[in-house]
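The next block holds one structure in the form of structure tokens; read it before the comments.
This chain uses plain numbering: 1 for the first residue, then up along the sequence. Because the structure is predicted, anything quoted here is derived from the model rather than measured.
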Amino acid sequence: MSLNNIRFTIAFAMLAAISVAVPASAATFLDGAYGSKEGCTYAETGESSGADDFLLLNDEGVTTSVSACEFKGAPKKTANGFTIKAQCDVEGEVGPEDVATLTKSAKGYTVSFPGGTKLGPMPKCR
């Protein structure tokens, strides 16, 4: 094996190791954060007042004052929004993976779940 082949093999192995070590970033499909005044303040500053009217939607999921739903996998585009798998943690109890429907209107996004839960509409954070 020539020196160039050895160098190529080592370089290829290093690139492969680096690509495995670096996690893929989450899919970006929303054009920013959406939510209540409290949720938007948190999206901007990372600080929450603990208010009961907390509501925040972003590419990672949807969060309220009592629940957090993490989006999983890639979103699927619909005529007026998206569908995406989500797993919710409500007051400490993790629920099953379900499909969330994000519907955009003039008032912002509404997130709906098969059980009838609807969050929103949430205007875009400014």
Side-chain angles (χ1 to χ4, degrees):
M1 191 180 267
S2 73
L3 185 56
N4 283 339
N5 285 347
I6 293 170
R7 286 181 186 159
F8 177 75
T9 303
I10 291 171
F12 183 75
M14 288 175 57
L15 285 173
I18 291 170
S19 67
V20 171
V22 178
S25 61
T28 299
F29 60 99
L30 296 174
D31 60 345
Y34 289 76
S36 65
K37 179 181 176 187
E38 292 295 325
C40 290
T41 298
Y42 180 80
E44 183 178 324
T45 66
E47 295 182 22
S48 174
S49 69
D52 287 340
D53 65 344
F54 185 94
L55 191 56
L56 176 63
L57 169 67
N58 59 25
D59 288 326
E60 297 170 9
V62 61
T63 306
T64 74
S65 58
V66 296
S67 66
C69 298
E70 179 185 359
F71 294 148
K72 298 182 176 276
K76 294 180 182 171
K77 183 82 173 114
T78 64
N80 54 355
F82 303 92
T83 59
I84 190 166
K85 289 182 182 177
Q87 186 162 30
C88 299
D89 179 338
V90 180
E91 295 183 348
E93 290 194 31
V94 178
E97 198 170 279
D98 219 336
V99 176
T101 302
L102 286 65
T103 307
K104 191 169 186 180
S105 70
K107 294 181 180 182
Y109 275 100
T110 299
V111 180
S112 306
F113 294 92
T117 300
K118 288 190 178 194
L119 304 172
M122 294 172 265
K124 187 170 183 181
C125 296
R126 308 223 178 263

Any idea which heavy atoms bring Leu56 and Ala33 closest together, and the distance?
CD1-CB, 4.0 Å
Non-hydrogen atoms of Gly35 and Cys125 that approach each other most closely:
N-SG, 3.8 Å
Minimal non-hydrogen separation, Phe113 against Ala100, with atom names:
CE2-CB, 3.6 Å
Working to the nearest 0.5 Å, report the span between CD of Glu70 and OG1 of Thr63.
10.0 Å
Give a yes or no on this: more than 12 heavy atoms of other residues, nucleotides or ligands lie within 6.0 Å of atom CD of Glu97.
yes
May I ask you to decide if the ring planes of Tyr42 and Phe54 are parallel, tilted or perpendicular, using 30° and 60° as cut-offs?
perpendicular
Could you walk me through whether Lys85 and Gln87 pass the side chain to side chain contact (heavy atoms under 4.5 Å, CB included) check?
CA-CA 7 Å; Lys85 289 182 182 177; Gln87 186 162 30; over 6 Å; no
Quick check against the 3.5 Å criterion: does Ser36 have a side-chain atom that pairs as donor or acceptor with the backbone of Leu55?
yes
Give a yes or no answer on whether the side chain of Lys37 reaches the backbone of Asp53 with a donor-acceptor pair at less than 3.5 Å.
no
Which heavy-atom pair separates Val99 from Pro114 by the least distance, and what is that distance?
O-CD, 3.2 Å
Does a sphere of radius 6.0 Å around CG in Asp52 hold more than 12 heavy atoms from other residues, nucleotides or ligands, not counting ones at 6.0 Å or beyond?
no
Within 45 degrees of the axis of the six-membered ring of Phe82 and under 6.0 Å from its centre: does Lys76 put its NZ or CZ there?
no
Quick one, Thr78 with Thr101, criterion side chain to side chain contact (heavy atoms under 4.5 Å, CB included). Give me CA distance, side-chain angles, the key distance, then yes/no.
CA-CA 9 Å; Thr78 64; Thr101 302; 5.8 Å; no
Is Phe71 close to Leu102 at the side-chain level, that is, under 4.5 Å between some pair of heavy atoms?
yes
Start with the C-alpha gap between Tyr34 and Val62, add the side-chain angles, then the distance that decides, and say whether side chain to side chain contact (heavy atoms under 4.5 Å, CB included) holds.
CA-CA 9 Å; Tyr34 289 76; Val62 61; over 6 Å; no
Under the side chain to side chain contact (heavy atoms under 4.5 Å, CB included) criterion, do Ser112 and Thr110 qualify, and how do the steps go?
CA-CA 6 Å; Ser112 306; Thr110 299; 4.1 Å; yes
Does Lys107, at its NZ atom, have more than 12 non-hydrogen atoms belonging to other residues, nucleotides or ligands within less than 6.0 Å?
no
Look at the side chain of Asp59 and the backbone N and O of Leu30, then say whether any donor-acceptor pair between them is shorter than 3.5 Å.
yes
